[in-house]
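Inspection log for the structure reproduced underneath, given as structure tokens.
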Amino acid sequence: MSVSMTGSGEIATPVESSKSAMTWGPIFGGAAAAIGVTLILLLLGSGVGLTMVSPWSGQSSSLGTVGVTAAIWLVVVQWLSSGLGGYITGRLRTKWAAVHTDEVFFRDTAHGFISWALATIFVAGFLASSLTSLAGAGAQAVGSAATAAGTAASSTASAADLPTAYFTDALLRPEQARAGATSDDAAATAEVSRILLNGAAAGQIPDDDKAYLATIVSARTGLSGADARTRVDTVLKRIDDAKVAAQKAADEARKAASTTALLGALSLLIGAFIAAAAAAFGGSQRDEEEDLIVTSRI
């Protein structure tokens with residue numbers, strides 16, 4: 001606190017309120033209103049979003065469309081909840097007497113921003129807990145699938161022994177592959193599986209492996225050599241198409257996630273601004289009309 005001396009020798013001391021400039025009641029009230037509106041709109045958006053997804057082929061919207069729509073809806077939710085929460089914060093606060101107009105404006109915007117921050121933290125925690133539950137369920141499903149896959153793979157060869165098993169097969173391939181494939185179905189199936197797995201890891205299947213696969217297919221099915229080679233090429237093409245489709249789906253998911261993150265960050269920034277502006281607007285309406293107390297002079 002600074003003091004000054006007047007020309008007449010008197011000491012002038014600035015007047016400072018003993019009360020804090022921050023009023024938590026309106027802040028919590030605005031944050032609670034923003035949280036309630038956010039949860040209602042999120043549930044509404046979830047219901048609308050579920051109508052865009054269907055287990056039936058050709059009846060669902062694309063992943064990119066669903067992601068962009070969800071991002072836009074999050075922006076709308078953020079703006080509406082921030083505006084309402086900030087406005088309520090500004091209207092509910094107590095009038096600050098003997099405070100400069102600029103200071104009142106700053107306090108209103110600060111109260112709106114803090115109210116927005118509290119609501120955002122709560123909603124983020126709520127969404128994080130929901131996503132954690134979903135991730136836990138997904139991890140459990142993946143663990144079950146991995147257990148089943150491990151059980152199935154134990155009948156052939158382990159993933160660590162796959163390269164060695166593949167090259168061992170290549171070294172010990174009989175000259176008359178047809179006779180070996182016909183006499184031992186389990187061994188032929190296991191060897192074909194190792195060839196396909198090695199081709200998937202390497203990115204392509206060599207021509208000698210394709211010829212060997214055609215020989216095994218011909219021995220197992222009774223097809224001619226040319227027909228067996230055609231079947232092998234057809235199946236390998238289907239495998240490549242499935243891989244390309246999986247890569248395309250992953251790329252679409254990446255783009256949708258990127259769009260959602262960018263729009264989400266932008267919506268948070270604009271939401272903070274809207275909350276502060278709405279609080280200032282609500283505070284100005286609160287202070288438009290002054291209540292005057294009339295006392296009689298004795």
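The structure presented is a predicted model; accordingly, all values stated were derived computationally and were not measured.
- Between T23 and I27 the shortest heavy-atom distance is O-CG1, 3.3 Å.
- Contact detail for W73 and L41: the closest heavy-atom pair is NE1-O, 2.9 Å.
- Put simply, I40 and L80 are part of two different groups of oily side chains (I, L, V, M, F, W, Y) that touch within less than 4.5 Å, one to the next.
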Practice problem: Would you please test T120 and Q78 for side chain to side chain contact (heavy atoms under 4.5 Å, CB included) and show each step? | Solution: CA-CA 9 Å; T120 302; Q78 177 66 211; 4.3 Å; yes

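- Side-chain atoms of W116 never come within 3.5 Å of backbone atoms of A34 as a donor-acceptor pair (strictly under, hydrogens ignored).
- Of all heavy-atom pairs spanning A119 and A31, the tightest one is CB-O, 3.8 Å.
- Summarising the geometry, atom OH belonging to Y87 is positioned 10.0 Å from atom CG belonging to L92; distances are rounded to the nearest 0.5 Å.
- Evaluated for a side chain to side chain contact (heavy atoms under 4.5 Å, CB included) with I35, the options L39, V37, T38 yield exactly one hit, L39.
- Shortest non-hydrogen contact noted between G83 and A278 is O-CB, 3.3 Å.
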Exercise. Report the C-alpha separation of D233 and K237 in whole Å, then their side-chain angles, then the decisive distance to 0.1 Å, and conclude whether the salt bridge (Lys or Arg N to Asp or Glu O under 4.0 Å) test is met.
Key: CA-CA 6 Å; D233 292 337; K237 184 178 184 304; over 6 Å; no

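- Minimum heavy-atom separation, F105 to A280: CE1-CB, 3.7 Å.
- No donor-acceptor pair closer than 3.5 Å links the side chain of S258 to the backbone N or O of R254.
- No donor-acceptor pair under 3.5 Å is formed between the side chain of S115 and the backbone N or O of H111.
- Here CD of Q247 is found 6.5 Å from NZ of K243. Values are rounded to the nearest 0.5 Å.
- By the 6.0 Å contact criterion, CZ on R231 is open, its count of non-hydrogen atoms from other residues, nucleotides or ligands being 12 or less.
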Exercise. Go through the steps to decide whether R93 and D287 satisfy the test salt bridge (Lys or Arg N to Asp or Glu O under 4.0 Å), and finish with yes or no.
Key: CA-CA 10 Å; R93 57 92 172 164; D287 296 339; 2.6 Å; yes

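- Interatomic distance, CG of D227 versus CZ of R229, reported as 13.0 Å (0.5 Å rounding).
- In this structure, F106 is not a member of the same hydrophobic cluster as F113, with clusters built from ILVMFWY side-chain heavy atoms closer than 4.5 Å.
- Panel note: side chain S284, backbone F281; a donor-acceptor pair is recorded below 3.5 Å.
- Separating the CZ atom in F28 from the CD1 atom in I114 is a distance of 10.0 Å, to the nearest 0.5 Å.
- In plain terms, the two heavy atoms of A279 and G112 that are nearest each other are CB-CA, 3.5 Å.
- Atom CZ of F273 and atom OG1 of T109 lie 10.5 Å apart (nearest 0.5 Å).
- Under the 4.5 Å side-chain heavy-atom criterion for grouping Ile, Leu, Val, Met, Phe, Trp and Tyr, I274 is not connected to L269 through any hydrophobic cluster.
- Each of L262 and L266 belongs to its own hydrophobic cluster when Ile, Leu, Val, Met, Phe, Trp and Tyr are linked at side-chain heavy-atom distances under 4.5 angstrom.
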